[in-house]
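So you know, we letter chains A, B, ... as the sequences are listed, proteins then strands, and number each from 1.
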Amino acid sequence: MRDSTTRHGWYQRSRLTVALVAIMTLSGCAHTKNFSSVKTLQPTANTPPRALTIVLMPMDVELSVLTAGGLTEPNAAWTKTAETYLLQAFQQIEQTREKRILRHERPPPDDPATAKLNEIEHLHGAVGGAIMLHKLLVPLPSKKDKFDWSLGSEISVLREHAQADYALFVYIRDSYSSAGRVLAQLAAAALGVGISGGQQVGFASLVDLTSGNVVWFNFLTSMTGDLRDLAGAKSTLDNLLAGIPQ
Amino acid sequence: MTIHGAVFGVAFTLAAAASATELTPLAPKFGPHHSPAVGTEAGLWMVSKQSEEVIQTSPRRLRDPHVEAYLHEVICRLTPDYCGDIRVYLVRMPYFNASMLPNGVMQVWSGLLLRVENEDQLASVLGHELGHFLRQHSLEQFESVKNKATLITIFTLGLGGAVAAGGISSGVAQSASVSSKIAMIGSVMAYGRGHESEADRFGLQLIAKAGYDPLAAARVWQNILDEDAASGDPKKSRSAFLASHPSPENRIADLRRASAALTTQGEKKAPSVSGRYYAVVARVLPTCFLDEVNLNQPGRSEFLFKRLLAAGFAPGLVNFYLGEIERRRSAGKLSDSARAYYEASVAEHDPPADSYRELGLWHLKAKQWDLARARLQEYLAAAPQANDRKMVDYYLQLVESHP
């Protein structure tokens, strides 16, 4: 028996993981898939005129080792390195855009807004998982020619908290085969069976903070790429943010 | 299986384990202020930290700083050296459980507070969880799953090789592969039971050293058995952890044996502190009562509430909830026993206003208009801000139409 809050989190993660693993088996080298419901971004109406502002949510990144038995073992040091490089890469990309992008720092746990903001992050994780599942794996007839996912209007809490018009969410899971996994892959290949090695999967999505609508979504999978150096982080982020509406 | 599954799979429960309790003292596997920077353990801590952020702000957390501080104080008494390394959160879950994440995050379920009778019993449960933490059971469990998954992969590839070489049929290989996976699950669970008995031993050491009664640990389990027996259908409604684990009777015997050895080893034994325990947890017990009644397990709830009544805890409140059990049992019919409990409640010095309302509604149904009027008025006097005030006013009008 465990606590339901963690179990809930685990459930969400597990669904996401199932979707990711299933998608990964379809993917080759770096590959992205883009969905969008708007061409251009608009600042929120009725606010004092200001540059269109996008808030970058805390990036959800996890790097892990793929063990010989196929278990992913999270690696704290790699994850920390990747987070640092991704932020640096983000700053480089930001300089080339005219939009104002600010970073969202999580308020302390006892801040009244924290619970709500955490809920929004988790909601986005669930919606992002559903988009991947139903746009890429199991297409829903009702969503065939449209892209109309939404986090709902309660997202305005974030608009007020961050003073922004849009929020950018980034989710990346990156695994690297251990030596044992490489051996297992070779042995399986000799038998004519394919077992997966390390993979990079992720998505970025842009959410309108007035309506809660996901206005743009980009999905990335890659067999190559390495977030443990700045160049690799930059190229992953370039791929992830390619096609973001202007 | 992902890391998340592995971590939460070993978010240790109080699951029963039965094995001979040895008396060799167990030492923590790491020193105070431990914070792994690299390796498997660092990965587990990273994931646990994310879970902790969820727990901290979860609507399920019972945000009562006094009770959480009290729980932490007991932890500090048990492990003064590691006191600063442990965070404890009280979670609103009406079952008997506590769990530990590898990074020192302890979750105590609200249902536990209804099921321990004093600080000694509470300490024995917390001590058990500290055993999981200080003996690094999560890490060991993860390593064990990892190694076994590797073995399975090698074994499965070996079977594939045998099929390719024409040694065995693919059907045989497939069933061998499935059997090996079942064997792995079995072996991981057996490993978990070993951890349970080790945590029992470690917990006993801690509570004895802190001056608590080591026999309290066996008492906790005996109480759970008694509660199961009181549920009316012990087999069907045995607590989930008892259903899937070996008999707790052996565990109780082991704990008693080990406690006897500890007390005769010259550890000082303090009397059970139940007065202080109830004084602190009284702050959240009303929520616990409500959640317990809502589980609709009248046999169990009645057993728990009567024990609290015998301990002299908040009789006004406890009698009210005993009345609630009877009212729900009677499924809409007038229940004399419910009424008797509500009457007992309002005869105490601390009745909840709800007891007056329930009595008022009881008399209303019994068409005893004067008594109904008096009780409903007492209710509104005790709870002038009640959010069902309009409804009660309507009932009072109804009473007036029956002179």
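For B:A37, the part sitting under 4.5 Å from any heavy atom of chain A is the backbone (N, CA, C, O) and nothing else. Only the side chain of A:N118 has a heavy atom closer than 4.5 Å to any heavy atom of chain B. Interface residue B:E53: backbone and side-chain heavy atoms are both found under 4.5 Å from chain A.
Considering only heavy atoms from C-beta on, B:Q56 stays 4.5 Å or farther from A:T114 through its side chain. Between A:E62 and B:M46, the closest side-chain pair of non-hydrogen atoms falls below 4.5 Å.
In terms of heavy-atom proximity, B:G39 sits nearest to A:E73 at C-OE2, 4.3 Å. Summarising the geometry of A:A76 relative to B:A42, their closest heavy-atom pair is CB-O, 3.5 Å, with the distance given to 0.1 Å. Heavy atoms only, all atoms of each residue included: B:T153 and A:A184 are closest at CG2-CB, 4.2 Å. Nearest heavy-atom pair across A:P74 and B:V47 is CG-CG2, 3.5 Å. A:A77 approaches B:V38 most closely through the heavy-atom pair CB-CG1, 4.5 Å.
Within 6.0 Å of atom CD in A:Q88, more than 12 heavy atoms from other residues, nucleotides or ligands are found, so the atom counts as buried in its surroundings. Within a 6.0 Å radius of NZ in A:K135, more than 12 heavy atoms belonging to other residues, nucleotides or ligands are found.
When each of B:N147, B:T57, B:L151 is checked for heavy-atom pairs under 4.5 Å with chain A, B:T57 comes out on top.
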